[in-house]
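What follows is a short report on a single structure.
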There are 2 protein chains.
Amino acid sequence: MSKGERTRAAILDQALAMTSTDGLTGLTIGTLADRLGMSKSGLFAHFGSKEQLQAAVLERAAELFADTVVRPALAQPRGLPRVLGLFENWIAWTMDPVLPGGCPIQAASIEFDDRPGPIQDLIVKQQEDMRRVVIGAARRAVEEGHLRADLDVEQFAFEGISLCYGFTQSYRLLKNPKSEVWARNAVHGLVDRARVRQ
Amino acid sequence: MSKGERTRAAILDQALAMTSTDGLTGLTIGTLADRLGMSKSGLFAHFGSKEQLQAAVLERAAELFADTVVRPALAQPRGLPRVLGLFENWIAWTMDPVLPGGCPIQAASIEFDDRPGPIQDLIVKQQEDMRRVVIGAARRAVEEGHLRADLDVEQFAFEGISLCYGFTQSYRLLKNPKSEVWARNAVHGLVDRARVRQ
DNA sequence: TTGACAATAGTACGACCGTTCGTATTATTT
DNA sequence: AAATAATACGAACGGTCGTACTATTGTCAA
């Protein structure tokens, strides 16, 4: 790992934390450089433009999400455990102090939902990927016989993802201590209703 | 209505649209003045500070939300119709072209969930108000015998609000044409499960 | 119609934005 | 050890930000 790659990684770590609290727009090259004790221009040279910095941050965030949420869930036995693992890990991810201001991708979703361009395209792709992961896990659980054969997996994914989003708002903004219980109850209810009747 | 009050209202209308797409931080006095064909300083004089402008925008947004979502729902007969009305109107509100970029309050929620201060306080208050409205409607529906007596109304509100939030993301960012159907299915499912067994 | 005051415009400010450039320093390769 | 590439720096650019002051215009009751 060359020197450049090391600093680039350090920049992205700090940028991720900053984006988490201030958003992709609030992420500013000057203050980011200050926090890292380096010059604006030196930092800038690593990315070439602010937009490319933003894209790099989003990609780093997605990696972290994959490592923290998706991969551990997919390591579970296929079927129901994977589906539950996804939601459980997602809830834990929202509370993870590694991201001091919550999921940067979710923040960026709302920030950029009316600003077409490469950044929006990237966000949409990431969200679609996540949707596909949930749908795939649910479909697999159907095949395994854990979930009902007539389950509408797209509807299922919509509801599960919505609950994870709502949890963020309840936990991070309203700071309601019951948020976690509500979120867990909700996703478990969602999964229970999707199970085969016995 | 004096001249000043009229321009102030015009400013807030335009500011609301701008906040809807660009967020409360992206709302900028210079561009706002340009769009209204007036000077920065002339506009500025109406509010005294950007923060007060932001607060005024949020209050105007809350009024609009109350007029569009809450009041029409509360005009329905108490009990189940009111609960359903709330969710239906909320979904319609998210799609309303009056707010070209979706609900400004929801956007502000994520923008300010890590920026303590008077604006965050105001947003929290507004969200708590809305939560109370949903909880109140659900509780009333229990009293009317429409919903189960053992219903956890807080859990119910959490799930309902989460679905409305998730709908925004699915509809506005991902532009999935099935979003509306999913959202309606989800809230109707939520309500159906809360109904008394017969 | 005039006088008082509200409403708007004009101008300037310091701070910060993203970006560019030339140059110095440090790594890496030859 | 010499040559070359990678990395970082400081200074400066044109712009925009929010805000402060002063001047001008418009409104409306007496």
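Below, chain A is the first sequence line, B the second, and so on; all start at residue 1. On a predicted model such as this, the values are computed, not experimentally measured, just so you know.
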Can you measure [X] atom [atom1] to [N] atom [atom2] for me and round it to whole angstrom units?
{"X": "L24(A)", "N": "dC17(C)", "atom1": "CG", "atom2": "C1'", "answer": "16 Å"}
{"X": "I11(A)", "N": "dA8(D)", "atom1": "CD1", "atom2": "C1'", "answer": "10 Å"}
{"X": "M38(A)", "N": "dT26(C)", "atom1": "CE", "atom2": "P", "answer": "14 Å"}
{"X": "L43(A)", "N": "dT20(C)", "atom1": "CG", "atom2": "P", "answer": "15 Å"}
{"X": "H46(B)", "N": "dA9(C)", "atom1": "NE2", "atom2": "P", "answer": "9 Å"}
{"X": "D34(A)", "N": "dG10(D)", "atom1": "CG", "atom2": "C1'", "answer": "14 Å"}
{"X": "R8(A)", "N": "dA6(D)", "atom1": "CZ", "atom2": "P", "answer": "15 Å"}
{"X": "F47(A)", "N": "dT19(C)", "atom1": "CZ", "atom2": "P", "answer": "13 Å"}

*Is a side-chain donor-acceptor pair under 3.5 Å present for T25(A) with R115(A)?*
yes
*dC16(C) phosphate, OP1 or OP2: any side-chain N/O from T28(A) under 4.0 angstrom?*
no
*Under the side chain to side chain contact (heavy atoms under 4.5 Å, CB included) rule, what do L32(A) and T28(A) come out as? Steps first, then yes or no, please.*
CA-CA 6 Å; L32(A) 182 57; T28(A) 216; 5.7 Å; no
*Please walk me through it: do H188(B) and L84(B) pass side chain to side chain contact (heavy atoms under 4.5 Å, CB included)?*
CA-CA 8 Å; H188(B) 281 100; L84(B) 274 170; 3.6 Å; yes
*Using a 4.0 Å heavy-atom cut-off across all strands, classify L27(B) as base, sugar-phosphate, or nothing.*
sugar-phosphate
*Determine the contact category for A45(A): base if any of its heavy atoms lies under 4.0 Å from a base atom, sugar-phosphate if only primed atoms, P, OP1 or OP2 are that close, otherwise nothing.*
nothing
*Evaluate the side-chain hydrogen bond (donor to acceptor under 3.5 Å, both in side chains) criterion for residues Q169(A) and Y165(B): first the C-alpha distance (whole Å), next the side-chain angles of each, then the deciding distance (0.1 Å), finally the verdict.*
CA-CA 9 Å; Q169(A) 195 247 2; Y165(B) 270 66; 3.1 Å; yes
_side-chain contact (heavy atoms from CB on, under 4.5 Å) partner of R71(B), the single match among V69(B), D67(B), L74(B)_ = D67(B)
Measure all distances between protein nitrogen or oxygen atoms and nitrogen or oxygen atoms of nucleotides 19-29 of chain D, and list the pairs falling under 3.5 Å.
| residue | atom | partner | partner atom | Å |
| --- | --- | --- | --- | --- |
| dT19(D) | OP2 | K50(B) | N | 2.6 |

*Kindly assign one of parallel, tilted or perpendicular to the pair W182(A) and F158(B), based on the angle between their ring planes and the thresholds 30° and 60°.*
tilted
*asked:* If the condition is ring pair (Phe, Tyr, Trp, His ring centres under 6.0 Å), which residues does F167(B) pass it with, not counting sequence neighbours?
replied: Y171(B)
